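Here is the structure we will look at, set down as structure tokens.
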Amino acid sequence: MFKRKKNNNSTQTTLARKLITVRNPKSVISEQFKTIRTNINFSMPDQDIKTIIVTSSTPGEGKSTVSSNSAVVFAQSGKKVLIVDADMRKPTAHHTFGIRNASGLSTLLTRQHSIEEVVHKSEVEGLHVITSGPIPPNPAELLGSKMMDQLIEQLTALYDLIIFDAPPILSVTDAQILSNKCEGTILVVNSGKAEKDGVLKAKEALVSSQANILGVILNNFVLEKDHYYYQYYGNAE
């Protein structure tokens, strides 16, 4: 995905933390998320992908923003979608969707709550959210547990698509564990921050965990205003 070049850094930061696919569904960035949706749908034409993990090589590359906005555009297409904040170290979904984080994935996996007790409806029709829950001392062990396998099986029976927002893959093992359990993996790369060696190591880590890499999303790519995309979509913003 890309964004228009702006001089106001504070404006960029404010916009980045919002669900632009909800606030401005006809914008250039929203159109790019719809392109991501289309590419995912075509990535495995012989089967419906029901579980996707979104990760990055390092923190701050925009994986959570990509996860949330991707979930929105899938729901806008008529699918019943669930986004799960599987980053039980530095969770953000409760901020993005304005939900309390007293319970969530961590309390599900420790059998303190049921699915019905932790699923939240979002403002987007067809999109539900499970936040991370209280930060546990053993996130990797919880994600690698049999309880996690059972939870994925239960959730796939309830939703058309489940998107897991996972921690950066080079920081902890969580994303590797989860990528092995899901049908598809998306790697988010920040064009202004990520280093080539880090991206290659992230890919190697995913390959070693037998992840099905659907593709890479280049985030924060600065697009000049005279690019053809702005000539076509510019008036929609």
Side-chain angles (χ1 to χ4, degrees), residues 19 47-56 59 63-68 70-72 74-75 79-186 188 205-206 208-212 214:
L19 290 172
Q47 71 177 78
D48 290 332
I49 300 175
K50 300 204 68 173
T51 54
I52 295 175
I53 169 181
V54 179
T55 185
S56 59
K63 65 175 182 63
S64 296
T65 299
V66 169
S67 300
S68 300
S70 297
V72 169
F74 271 106
K79 286 183 177 290
K80 186 177 181 182
V81 182
L82 175 69
I83 182 167
V84 180
D85 193 343
D87 191 340
M88 293 184 285
R89 299 172 190 269
K90 293 185 178 180
T92 60
H94 58 292
H95 294 304
T96 302
F97 292 94
I99 299 170
R100 292 184 66 240
N101 197 28
S103 62
L105 182 59
S106 62
T107 59
L108 259 180
L109 295 176
T110 52
R111 297 181 174 86
Q112 298 177 54
H113 292 96
S114 66
I115 293 175
E116 293 77 12
E117 291 174 318
V118 301
V119 170
H120 300 268
K121 287 185 178 180
S122 75
E123 62 180 302
V124 179
E125 182 70 26
L127 177 59
H128 293 176
V129 183
I130 293 181
T131 63
S132 70
I135 296 175
N138 56 341
E141 287 77 7
L142 290 179
L143 292 175
S145 66
K146 291 183 179 179
M147 185 62 185
M148 185 66 192
D149 295 333
Q150 295 171 11
L151 177 61
I152 292 176
E153 184 177 353
Q154 292 173 324
L155 293 176
T156 53
L158 298 172
Y159 292 92
D160 298 321
L161 177 67
I162 305 160
I163 297 178
F164 293 92
D165 177 9
I169 196 162
L170 297 184
S171 302
V172 290
T173 61
D174 303 23
Q176 279 184 277
I177 294 170
L178 198 51
S179 66
N180 182 258
K181 297 177 182 291
C182 292
E183 296 170 337
T185 298
I186 294 173
V188 177
L206 290 171
S208 68
S209 65
Q210 299 182 323
N212 176 26
L214 300 178

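Position 1 is the first residue of the sequence, and the numbers go up from there. Note that this is a predicted model, so its numbers are computed, not measured.
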Under the side chain to side chain contact (heavy atoms under 4.5 Å, CB included) rule, what do I115 and L155 come out as? Steps first, then yes or no, please.
-> CA-CA 8 Å; I115 293 175; L155 293 176; 3.9 Å; yes

Where do F164 and I152 land on the side chain to side chain contact (heavy atoms under 4.5 Å, CB included) test, with the steps shown first?
-> CA-CA 10 Å; F164 293 92; I152 292 176; 4.1 Å; yes

Evaluate the criterion side chain to side chain contact (heavy atoms under 4.5 Å, CB included) for residue pair L127 and V72; output intermediate values, then yes/no.
-> CA-CA 7 Å; L127 177 59; V72 169; 3.8 Å; yes

Would you sort out whether I163 and V84 count as a side chain to side chain contact (heavy atoms under 4.5 Å, CB included), showing the intermediate values?
-> CA-CA 6 Å; I163 297 178; V84 180; over 6 Å; no

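Residues passing the side chain to side chain contact (heavy atoms under 4.5 Å, CB included) test with S64, sequence neighbours excluded: T92, D165. For A140, the side chain to side chain contact (heavy atoms under 4.5 Å, CB included) partners are R89, T173, D174, I177, not counting sequence neighbours. Every residue meeting the side-chain hydrogen bond (donor to acceptor under 3.5 Å, both in side chains) condition with H113, not counting sequence neighbours, appears here in chain and number order: T107. In this structure, E123 has no side-chain hydrogen bond (donor to acceptor under 3.5 Å, both in side chains) partners at least two apart in sequence or on a different chain.
The shortest distance between side-chain heavy atoms of L105 and D85 does not fall below 4.5 Å. Taking 4.5 Å as the limit, every side-chain heavy atom of L214 sits out of range of all side-chain heavy atoms of T185. At a threshold of 4.5 Å between non-hydrogen side-chain atoms, the residues V81 and D160 do not count as touching.
Distance check, rounded to the nearest 0.5 Å: NZ of K63 to OG of S70 gives 12.5 Å. Note that CD1 of I169 and OG of S179 are 5.5 Å apart. Values are rounded to the nearest 0.5 Å. Note: K79 NZ to L161 CG = 6.5 Å, rounded to the nearest 0.5 Å. Rounding to the nearest 0.5 Å gives a distance of 7.5 Å between OG1 of T96 and CD1 of I83.
Remark: side-chain polar atoms of E183 are paired, donor with acceptor, to backbone N or O of K50 under 3.5 angstrom. A donor-acceptor distance shorter than 3.5 angstrom exists from the side chain of T55 to the backbone of P167, with no hydrogens or angles considered. E125 places no side-chain N or O within 3.5 Å of a backbone atom of A75 that could act as its donor or acceptor partner.
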Throw together a table of side-chain donor-acceptor distances under 3.5 angstrom for residues 128-137, partners on residues two or more places apart or in other chains.
| unit_1 | atom_1 | unit_2 | atom_2 | d |
| --- | --- | --- | --- | --- |
| H128 | ND1 | Y159 | OH | 2.8 |
| T131 | OG1 | N101 | OD1 | 2.7 |
| T131 | OG1 | S103 | O | 2.9 |
| S132 | OG | N101 | ND2 | 3.2 |

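Residues A166 and L178 approach most closely at CB-CD2, 4.3 Å, considering heavy atoms. Here the closest non-hydrogen pair linking Q176 and S208 is NE2-OG, 3.3 Å. When all heavy atoms of P168 and D87 are compared, the pair lying nearest together is CD-OD2, 4.5 Å. Of all heavy-atom pairs between L109 and M88, the closest is CD1-CE, 4.4 Å. Across C182 and I53, no two heavy atoms sit closer than the pair CB-CG2, 4.3 Å. Closest of all the heavy-atom pairs between S114 and L108 is C-CD2, 3.5 Å.
Residue pairs meeting the side chain to side chain donor-acceptor pair (under 3.5 Å) criterion with at least one member in residues 133-156, sequence neighbours excluded: D149-K181.
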